[in-house]
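Accompanying notes for the structure given below.
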Amino acid sequence: MKENSAKDKVLLLLKGSNDYISGEELSKRMGITRSAIWKYIKALRSEGYEIDSVTNKGYKLINSTGVLNAMELEEGLQTKVLGKRLVFLQSVDSTNQEVKRLAAQDAPHGTVVVAEQQFTGKGRLGRVWNSPPGTGIWFSFLLRPQLPPSKVAGITLAAGLGVCMAIRQYTGLNALIKWPNDVIIGNKKICGILTEMTAEDNRIDYAVVGIGINVNTKEFAPEIRSKATSLAIETGSDINRAELFKTVLKYVEHYIDLYLTDLEKGILPQYTGLCATIGRRVKVVRGNSTFEGEAVSIGDHGDLNVKLDNGSTVAVNSGEVTVQGIY
Ligand code: BT5
């Protein structure tokens, strides 16, 4: 564990106590003055910790749901490799970009960057990902897998499955996957994933997986209002983003490991069981032709197999398909 600053030590003492601790007790335990304690309490409050103070009783930590910082993100993280190096930033252009910058400086496999806010959050194909502060979990991680580039799509499917399972476990909501890697609740999007990679000689140099989850968003920008939702909207209450992040990272690591151990087969049965696209009518646009059919299964490279109305089956990629009934 990193050496804690005095402010973090005050926080740990508050966290370790079920009752009020007096300013005197804190100042004795820390070996600093009561006015220094008061300064740290004020600083912690400004970070979002709700700390009650009562004359003659002292201080008590009431709630830390709104807080996102490195300490909250790392404390109790149960992963093997993901997040062993974790960088938290108040704001950044895009966490994918930051991970790429760190990768260029030889950052290790499993490095994670989390941001409170992204100025230019990216979707796929140059689209925008809205990432305002105080609302979501916006993070990316670095992988240096021994894989050919054709296997990267499966990593993205595994990450989507991990997010979906974590949301189900943490909130009890009926989260599903819209192939290939949106997580949805009802017909609305709660999470998007962007994977980028660099490769050489048919080998992945590194892959960056970026995940955005709408957690405590109450209102969306007009252009996405009809197709986006958040966990707070769906559950009716605010969610502790740091705790949810740790659950997500644990599940994402688990399913990526499963995929890498048993390439496709490790995750496909579970993925298919949670994939809302399977069994739906889809429209496929390929070149100048448009076909309709039913999505029937996921292929070995993560493609979607569509049974067309003329009876033939085609394997399609995400750029070619729209699903009827989901945004
Ligand atoms: C995605 O793209 O869904 C991938 C999003 C990845 C975001 C993460 S956040 C951390 C990391 N850093 C980044 O810069 N990116 C990753 P796509 O399938 O192309 O969907 C983009 C579309 O989703 C947009 O065109 C909007 O219509 C919609 N959208 C934008 N922001 C949204 C939001 N917060 N919630 C739901 N939908 C949104």
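When reading the values below, keep in mind they use all heavy atoms of this one structure, side chains included, and skip hydrogens, waters and symmetry mates. Counting convention: from 1, in listed order, for ligands and their atoms alike. These figures come from a predicted structure and were not determined experimentally.
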Which ligand 1 atoms are under 4.0 Å away from a heavy-atom of [X]?
{"X": "I211", "value": "8 (C), 9 (S), 10 (C)"}
{"X": "T95", "value": "10 (C), 11 (C), 12 (N)"}
{"X": "K122", "value": "5 (C), 6 (C), 7 (C), 13 (C), 14 (O), 15 (N), 16 (C)"}
{"X": "A228", "value": "35 (N), 36 (C)"}

Open item on the list: Please compare W129, F141, F220, F139 and report which has the shortest non-hydrogen distance to atom 5 (C) of ligand 1.
Closed with: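 Closest candidate by heavy-atom distance is W129.
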
- [ ] Counting heavy atoms only, name the option from I193, N96, N214, V208 that's nearest to atom 4 (C) of ligand 1.
- [x]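 Result: the heavy atom closest to atom 4 (C) of ligand 1 is in I193.
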
- [ ] Verify the distance criterion only: is there a donor paired with an acceptor across the side chains of E234 and T229 at less than 3.5 Å?
- [x]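 On atom types as modelled, these side chains qualify, holding a pair under 3.5 Å.
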
Open item on the list: Whether K7 engages the ring of Y40 as a cation-pi pair (distance to the six-membered ring centre under 6.0 angstrom, angle to the ring normal within 45°) should be assessed.
Closed with: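 Not satisfied by the 6.0 Å and 45° rule.
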
Answer yes when [X] and [Y] have at least one side-chain N-carboxylate O distance shorter than 4.0 Å, and no when they do not.
{"X": "E72", "Y": "K246", "value": "no"}
{"X": "K188", "Y": "D182", "value": "no"}
{"X": "D93", "Y": "K122", "value": "no"}
{"X": "E320", "Y": "R286", "value": "yes"}
{"X": "R281", "Y": "D309", "value": "yes"}

[X] touching ligand 1 at heavy-atom level, < 4.0 angstrom:
{"X": "K227", "result": "yes"}
{"X": "G121", "result": "yes"}
{"X": "L125", "result": "no"}

